[in-house]
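In what follows, a structure is listed as structure tokens, so that the remarks can point back to it.
Remember, predicted model here, so these are calculated numbers, not experimental data. The sequence lines fix the lettering, A, B, ..., with proteins before strands; numbering per chain opens at 1.
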Amino acid sequence: MLNRSDLFVTYRLDPRSSAAMPAYHPQSIEPKWQKYWEDHQTFRTPDRSDRPKFYILDMFPYPSGAGLHVGHPEGYTATDILARYRRMKGFHVLHPMGWDAFGLPAEQYAIQTGAHPAETTQKNIDTFRRQIKSLGFSYDWEREIDTTDPRYFKWTQWIFLLLYDTWYDVEQKKGRPIAELPIPEEVRGRGDAAVAAFQDLHRLAYQTEAPVNWCPALGTVLANEEVIDGKSERGNHPVVRMPLKQWMLRITAYAERLLHDLEPLDWSEAIKEMQRNWIGRSEGAEIRFALAHPPATLSEAESAIRVFTTRPDTLFGATYMVLAPEHPLVSLITTSEQQAAVRAYQEASARKSDLERTDLIKKKTGVFTGAFAINPATKTKIPIWIADYVLASYGTGAIMAVPGQDQRDWEFAVVYNLPIVRTVQPPKDWTGEAYLGDGPAIESGFLNGLYVAEAKQQIIAWLEENGLGQRRVQYKLRDWLFSRQRYWGEPIPLLHEVDDQGRRTGRIVPLSVEELPLRLPDMKDYKPSGQPEPPLGKAVDWVHVERHGKRYQRETNTMPQWAGSCWYYLRFIDPRNDRMLCDPEKQRYWLPVDLYVGGAEHAVLHLLYARFWHKVLFDRGYVSTAEPFQKLVNQGMILGEMEFTAFRSKKGHWVSAERVDADSAADKDTEEPYERVKLSEEQVEKHSEGFVLKDEPGVRVDARAYKMSKARGNVINPDQVVGEYGADSMRLYEMFMGPLEATKPWSMRGVEGVFRFLNRVWRVMMSEESETPKLADAIQDVAPEPETERFVHLTIKRVTDDLDGMRFNTAISAMMELTNHLTKLPVRPRSAVQTLVLLLAPFAPHLAEELWERLGHQATLAYEPWPVFDPGKLKADQIEMAVQINGKVRARIMVPAEHDAEQLTQAALAHVNVQEHLKGKTIKKTIAVPNKLISFVVA
RNA sequence: GCCGAAGUGGCGGAAUGGCAGACGCGUCGGAUUCAAAAUCCGAUACCCGCAAGGGUGUGUGGGUUCAAGUCCCUCCUUCGGCACCA
């Protein structure tokens, strides 16, 4: 079995030779230049400049106890290369780093060990900072921020209060101060409390009863991230949903703008599509179905069931209705005979996790309420059921069931023997159940004969005329559940007024800016209470507050981890400002972020939440752009080294991989468990479709790279790579592996490959003969040969173009080719090697600085102008061109570059092999494209 | 099931519709060395051929084109996301 240390031992270059010889030795070069940059404040970024700005941002990490993962430096290297490149191109570059440091692991660790989360967090940050610094990134460390720093979360809390102080004006399509919310006369008439309640109903931050993930076994509420497939991530205990008063953020008010403003952004289409799907806009109608026998206790508004449908055209086919089990009307309309059954069903579905409820293979279930509604189109009585295939949280929590045109309704109708009426004519050969396609309406009164789109228009007009419903847009996006029953997060800066008995009156008082930051109380016991109440409730002294003779309790929920990362890109612009979150003028200069790089796991939530906050800040006048991140790139995942796995049965026979389920290692048919046997490269060979055992070629072997994980033991530690090969090799390898966005497997041999390249660069310039490092005698102040000159200019062009297109792997290839060329030259022009050093500088900055110094320069090359190529020097005198006959290459000819089509044709015809292939044929067509090829079509 | 991305040598990968496999790894041969490591030079898709050369090749099947890895259609596989959203 191959393990990590074996890999290092096997592939490591002998360190003794590098220490003794004046060879490339990153272990001494790299600390030297890192110290230089720090001492000279080389990458300190002044707030303003006359130069064009470039704000290049990494998704800042959560500093986990495990230290940096090789996945982190992938994105960081890409952005660092671009930051350094842009500086050399004359841009004023903002390139900061910080820590997303609130979160669960520190709290879990505290529960286990008693260590304060702030301590472990600082320790982890120190490790991350050291590791990141060891890679030589050009961050302006003066701008470092930490979301758990009170000077930072003061403003996170301030933004929360801004959200609390904002309502969404649908007319103006923007968030406005709550003081500007128009209060209806009728509300005002009922007094201050009614006005306050009305305002609370409209705030972007509001409270509601919302279901949370309650884990009875752990005695705690879990965040969604902690729930995997309906079980707790830790311990694998069942999780149920229970309602609890929660803070919510009204992100749904911004759904349309979040969708619309996505369009012009320079993001990958994939990410945009994921966001669009998440927002999930659909157009349709809201329709009111009157109850057939409304209970006398209900008001007129209450005695109708509102539904949302995207297919109002199928209204005539609505043969029953379904309410979500949690729908408030259920208890009001259920008849006495059905009470028991309905209550039992409600309780059963409450116990189910989301996963169980959405389990697709299960049969549809439901219970009849005993009540009926009137289909407004057919005027017939239709039964009202409850079923958990209808979600309380989408639309109105109720549907009109149209089994003829909806597969889910069809399945339900079949189970409970409910009527099915087709109201869209399916095609003649239709054999399916519900028909969702287009077709003429049937059995639909005045809609008959109309196709779907037209029928929708007609029925909506009819509904609106008759006051039965209206056009409506619905979003899948839900409001953001913002509170966590946790310790290690930002406290929510609100006070709840309590009466003499200590009960909350419902009145809420926000803290003033002067009272911020509201710090966490120091606690010994972070353990969840065993009840679904936040641990902060146990800090009695902290919770109880008295002011102006009134008693208050602090809010004990904390903010989710997303909060701190929602606006950090803004704080980097003005990280030490203690008067406001960010100076308006600085913000105007730096925003938007020109390039944002990070993992695809944040494709939806983080980016959506940050965009939402940004838009609120925009509406309230604190930022000047509608969007925070102009260009977004997601780096791909780095997998472990390729592994070969064979499967062996209990009896010791090899089992071919195609018969085995790769995840469980069990037989696909018999489910017999097999043993996994790791193989070395020497034990396998490629056989047509896959790898097989060398000794037993009939046995297929599983060959793939896996996600890095502690359990699998395939985690690569960046410290070890930097220690062995240096930061420059680490950086270069991460970029050379393949396209930034691609998922790719790690290879230690690949690291060694780029390390050898850096050694070649060193030897191109440095003498190997002398005892101490010395410039090679081959470096001379001479003009380059035309071929070398052309090579240099071509390389400048390739590297520049590739950097602009973020194709780091091919840029490195280009530099390798130039290095290989220069290596062969007995005399290497100083100008040529100097250009190579400058091109290499963003990628391998330590080596480049060292060589730059050896070449006789006094100062850092960080702000040297980027090399420029002369397009006139890219062309060769003679070029090789291919000659095709009927699409096949039959010859290659050297021709002067300026040859025109006619000259090319003549040159091609002169070639022996061409003549051979043309013998006895007639040329029907000749295509000669200068710089491309010459092609003859013959018959 | 739906949406998205991707399938190219032994491996990572490269190719504005114009010479498939750049560059790197690995492997083989050679130089250097007492020997090894490191380094340097050469070869390396597959098949036939001593060679010149020829044939076949970018997941599958079809199409467009003088010319397709690249464009269009079909299917298959892998990865990522969403998933009873009415």
Nearest-Å distance for atom pair [atom1]/[atom2], residues [X] and [N]:
X: A/Leu639; N: B/C79; atom1: CG; atom2: C1'; result: 10 Å
X: A/Glu641; N: B/G26; atom1: CD; atom2: P; result: 12 Å
X: A/Tyr733; N: B/G13; atom1: OH; atom2: P; result: 9 Å
X: A/Met815; N: B/C23; atom1: CE; atom2: C1'; result: 11 Å

Looking at [options], which one has an atom nearest to any side-chain atom of [X]?
X: A/Arg749; options: B/C25, B/G12, B/C23; result: B/C25
X: A/Asn809; options: B/G81, B/G12, B/G13; result: B/G13
X: A/Asn277; options: B/C3, B/G13, B/G12; result: B/C3
X: A/Pro745; options: B/A86, B/G12, B/A15; result: B/G12
X: A/Thr310; options: B/G12, B/A86, B/G13; result: B/A86

Could you give the distance from [atom1] ([X]) to [atom2] ([Y]), rounded to the nearest 0.5 Å?
X: A/Thr743; Y: A/Ile638; atom1: OG1; atom2: CD1; result: 10.0 Å
X: A/Trp278; Y: A/Leu477; atom1: CH2; atom2: CG; result: 8.5 Å
X: A/Arg276; Y: A/Ile271; atom1: CZ; atom2: CD1; result: 11.5 Å
X: A/Asp802; Y: A/Lys797; atom1: CG; atom2: NZ; result: 9.5 Å
X: A/Ser729; Y: A/Asn759; atom1: OG; atom2: CG; result: 7.5 Å
X: A/Ile796; Y: A/Asp801; atom1: CD1; atom2: CG; result: 11.5 Å

What integer number of Å spans the [atom1] atoms of [N] and [M]?
N: B/A6; M: B/G10; atom1: P; result: 23 Å
N: B/G62; M: B/G69; atom1: P; result: 15 Å
N: B/C84; M: B/U8; atom1: P; result: 34 Å
N: B/U33; M: B/G24; atom1: C1'; result: 27 Å
N: B/A35; M: B/C23; atom1: P; result: 32 Å
N: B/A36; M: B/G30; atom1: P; result: 12 Å
N: B/U27; M: B/G21; atom1: P; result: 23 Å
N: B/C2; M: B/G55; atom1: P; result: 44 Å

Just name whichever nucleotide pairs with [N], Watson-Crick or G-U, keeping both distances under 3.5 Å, else none.
N: B/G80; result: B/C3
N: B/A22; result: none
N: B/C28; result: B/G42
N: B/C75; result: B/G59
N: B/G17; result: none
N: B/A68; result: none

Is a donor from one side chain sitting under 3.5 angstrom from an acceptor on the other, for [X] and [Y]?
X: A/Tyr389; Y: A/Thr365; answer: no
X: A/Ser393; Y: A/Arg478; answer: yes
X: A/Glu741; Y: A/Gln635; answer: no

If you look at every strand shown and take non-hydrogen atoms under 4.0 Å, does [X] touch a base, only sugar-phosphate, or nothing?
X: A/Arg763; answer: sugar-phosphate
X: A/Thr926; answer: nothing
X: A/Lys744; answer: sugar-phosphate
X: A/Glu269; answer: nothing
X: A/Tyr475; answer: nothing
X: A/Asn820; answer: sugar-phosphate

Please determine if a side-chain N or O atom of [X] lies less than 4.0 Å away from the OP1 or OP2 oxygen of [N].
X: A/Ser282; N: B/A86; value: yes
X: A/Arg756; N: B/G26; value: yes
X: A/Arg760; N: B/G24; value: yes

Quick one: which protein N/O atoms are closer than 3.5 Å to N/O atoms of nucleotides 49-58 of chain B? Pair and distance per line, please.
| residue | atom | partner | partner atom | Å |
| --- | --- | --- | --- | --- |
| B/G54 | OP1 | A/Arg890 | NH1 | 3.1 |
| B/G54 | OP1 | A/His917 | NE2 | 2.8 |
| B/G55 | OP1 | A/Arg890 | NH2 | 3.1 |
| B/G55 | OP2 | A/Arg890 | NH1 | 3.0 |
| B/U56 | OP2 | A/Lys888 | NZ | 3.4 |

In this structure, is the centre-to-centre distance between the rings of A/Phe691 and A/Phe644 below 6.0 Å? yes
Between the side chain of A/Tyr733 and the main-chain N/O of A/Ser747, is any donor-acceptor distance below 3.5 Å? yes
Heteroatom pairs (N/O) under 3.5 angstrom, protein to nucleotides 62-67 of chain B:
none

If the glycosidic angle sits within 90 degrees of zero it is syn, else anti. Tell me which applies to B/G9. syn
Whichever of A/Arg281 and A/Ala814 has the more 5' nearest nucleotide on RNA chain B, that residue is A/Ala814
Test side chain to side chain contact (heavy atoms under 4.5 Å, CB included) on A/Val799 and A/Leu840; report intermediate values, then the result. CA-CA 9 Å; A/Val799 174; A/Leu840 187 63; over 6 Å; no
